Amino acid sequence: MAIYMVQITICKNSVQTIVDLILETTITNKTINCKYLTYWNDNKSKGYYFLFEAINKDAVHTILDLIPEVNQQVIEVNAHLTKYYLKQAKGIQDLESKSESHLNHLSLKVIVAFNLNYLLHQNVYEDHKTNIYIKNQFKTIKQIVKKHKGKFVVHQEKSFTCVFRTVTNAIKCALETRKFFLSIIDKNFSQSQIKIAIGVSNPMVERKEGINTSLNNVKHLCCFSNYNQLVVSSKTAVFFKNEGYVLNENVNGIKILSSNEENFILLLMKSLNSKLNIQNFSINVLAMDMGISKSKLYRSIVSLTNLSPQEFIKEYRLIKALKLMEQGSKNLSEIAFETGFGSPSYFSKCFKKRYFISPSKLFN
């Protein structure tokens with residue numbers, strides 16, 4: 001392995017964005033055979049210098065091809081000069097330390113989405129203390145998030161999204177929150193389920209579209225969490241491994257998604273949300289919109305959810321309807337049509353079958 005110095009004139013992005021892109025690529029793609037070491041700034045020329053350890057120049061260029069900057073020059077350096085170059089990187093950790101704790105240098109955000117799909121019994125809803133009861137549960141959950149150094153970015157009555165600096169903190173928080181939620185399930189609840197998904201933000205996506213895109217993507221993954229399961233993106237598992245831990249499939253109710261599964265989920269949710277208000281739209285239309293066969297759509301949804309496409313779509317409609325009910329800005333007829341049920345009576349029938357309580361009793 002040789003040491004290469006790369007001079008980059010940064011015009012379009014911050015240096016931190018460039019570092020994040022480099023780290024994300026080298027961490028998640030082990031076939032490149034290129035390791036990022038450090039960088040420093042030359043105040044005189046306003047240029048930035050990056051050090052890489054790589055098998056050859058081509059491996060370095062593979063990284064640089066992903067960076068939207070010009071004026072890139074790759075120079076192989078003598079091993080004796082490496083120590084000198086490392087000293088130029090003021091405030092940056094030494095080579096060994098850097099490679100062990102690269103995640104701390106990232107401005108990437110670890111995003112955790114929680115969805116508490118619980119319903120209280122009718123007699124509890126009629127109790128004037130219900131709101132206080134629910135608020136007390138969230139008070140404890142907030143304490144758990146704070147304990148693990150998380151920060152709330154979205155908070156609704158039964159769903160919330162948090163960001164963390166490390167995957168370790170995110171996963172510990174998710175497991176503790178799930179444990180607490182399941183411990184409070186008692187006679188007050190008629191239905192209960194906590195859905196959790198963990199993903200890592202993409203700095204390139206955020207640069208173009210903003211943090212909301214990354215947040216929404218993790219929320220979409222959350223829809224595929226089944227039976228109090230914790231769904232983890234493939235990149236999250238890689239980062240967790242680089243923090244010194246390994247996630248095992250189906251241990252503690254954890255499911256690790258493959259990159260293909262994630263891409264399928266995001267494509268499906270984008271297409272599904274665009275058609276949600278259409279009553280009984282054809283599965284063939286959904287498959288065509290996604291550019292896949294009907295059989296592949298069926299197999300993929302069943303594999304991820306243990307539900308048929310029709311069952312999954314109905315479940316998603318009910319979840320969306322429940323959230324609209326909580327917001328309180330629409331009546332039941334409007335909610336029924338907006339979520340594609342076609343009529344308030346059919347919506348009420350499906351809702352009662354799923355949650356064992358009429359939507360009108362919850363809505364009043």
Side-chain angles (χ1 to χ4, degrees), residues 113 115 117 159 191 193 195-197 199 202 205 208-209 212-229 231-235 249-250 255-327 330-356 359:
N115 195 345
N117 290 328
S159 63
Q191 287 282 296
Q193 184 183 75
K195 293 173 172 282
I196 307 174
N202 186 320
V205 171
K208 292 181 179 179
E209 305 175 20
N212 286 336
T213 299
S214 294
L215 294 175
N216 287 332
N217 286 346
V218 178
K219 289 179 185 178
H220 289 331
L221 298 184
C222 197
C223 294
F224 290 79
S225 170
N226 300 312
Y227 307 110
N228 303 313
Q229 190 179 60
V231 168
V232 179
S233 74
S234 56
K235 286 186 179 180
E249 184 78 23
N250 296 324
K255 176 177 176 59
I256 304 172
L257 297 171
S258 69
S259 58
N260 287 337
E261 287 174 328
E262 291 170 49
N263 292 334
F264 171 81
I265 289 172
L266 298 182
L267 185 61
L268 170 64
M269 298 308 290
K270 180 180 179 181
S271 181
L272 181 57
N273 281 318
S274 69
K275 296 175 174 57
L276 197 65
N277 62 341
I278 303 174
Q279 183 185 7
N280 297 324
F281 65 83
S282 169
I283 300 300
N284 287 330
V285 172
L286 184 62
M288 188 179 300
D289 190 45
M290 294 176 63
I292 61 177
S293 66
K294 180 181 176 181
S295 59
K296 179 174 175 57
L297 175 66
Y298 187 92
R299 289 195 307 271
S300 298
I301 292 181
V302 171
S303 174
L304 287 165
T305 67
N306 293 321
L307 299 172
S308 70
Q310 292 85 353
E311 290 170 333
F312 173 77
I313 292 171
K314 183 180 290 186
E315 177 74 8
Y316 185 63
R317 290 186 195 276
L318 289 169
I319 292 173
K320 296 286 284 188
L322 191 56
K323 288 184 178 181
L324 289 173
M325 289 168 62
E326 291 167 1
Q327 293 171 8
K330 302 178 184 295
N331 60 43
L332 288 179
S333 293
E334 290 172 327
I335 292 172
F337 286 108
E338 186 169 329
T339 52
F341 283 99
S343 71
S345 59
Y346 180 61
F347 166 57
S348 180
K349 178 182 177 181
C350 294
F351 192 95
K352 189 171 183 178
K353 183 178 180 180
R354 172 65 175 84
Y355 296 115
F356 304 102

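Only this structure's heavy atoms are used, side chains among them; waters, hydrogens and symmetry mates stay out. Because the structure is a prediction, the values reported are computed rather than measured.
Within the 3.5 Å criterion, the main-chain N or O of Lys296 finds a donor-acceptor partner in the side chain of Ser300. With hydrogens and angles ignored, the 3.5 Å screen pairs a side-chain donor or acceptor of Lys195 with a backbone N or O of Ser225. No donor-acceptor pair closer than 3.5 Å links the side chain of Ser271 to the backbone N or O of Leu268. Under the 3.5 Å distance criterion, the side-chain polar atoms of Arg317 are matched with a main-chain donor or acceptor of Leu276. Looking only at distances, no side-chain donor or acceptor of Glu261 sits under 3.5 Å from a matching main-chain atom of Leu304.
Put simply, the side chain of Leu257 does not reach to within 4.5 Å of the side chain of Val232, judged on heavy atoms. Side-chain contact check for Ile283 versus Ile313: some heavy-atom pair is nearer than 4.5 Å. Under the 4.5 Å side-chain criterion, counting only non-hydrogen atoms from C-beta, Ser258 is not in contact with Ser234. Counting heavy atoms from C-beta on, the side chains of Met325 and Leu332 come closer than 4.5 Å. Using a 4.5 Å heavy-atom threshold, the side chains of Asn273 and His220 count as touching.
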Walk me through whether Leu307 and Val302 qualify under side-chain contact (heavy atoms from CB on, under 4.5 Å).
CA-CA 5 Å; Leu307 299 172; Val302 171; over 6 Å; no
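Counting only residues at least two apart or in different chains, ring pair (Phe, Tyr, Trp, His ring centres under 6.0 Å) contacts with residues 291-315 comprise Phe224-Phe312. Residue pairs meeting the salt bridge (charged side-chain N to carboxylate O under 4.0 Å, His left out) criterion with at least one member in residues 264-288, sequence neighbours excluded, are Lys275-Asp289.
Pairing each heavy atom of Pro344 with each of Ser333, the nearest pair is CG-OG, 3.4 Å. Annotation for Glu262 and Lys235: closest pair OE2-N, 4.3 Å, computed over non-hydrogen atoms.
A centroid separation of less than 6.0 Å is found between the aromatic rings of Phe351 and Phe347.
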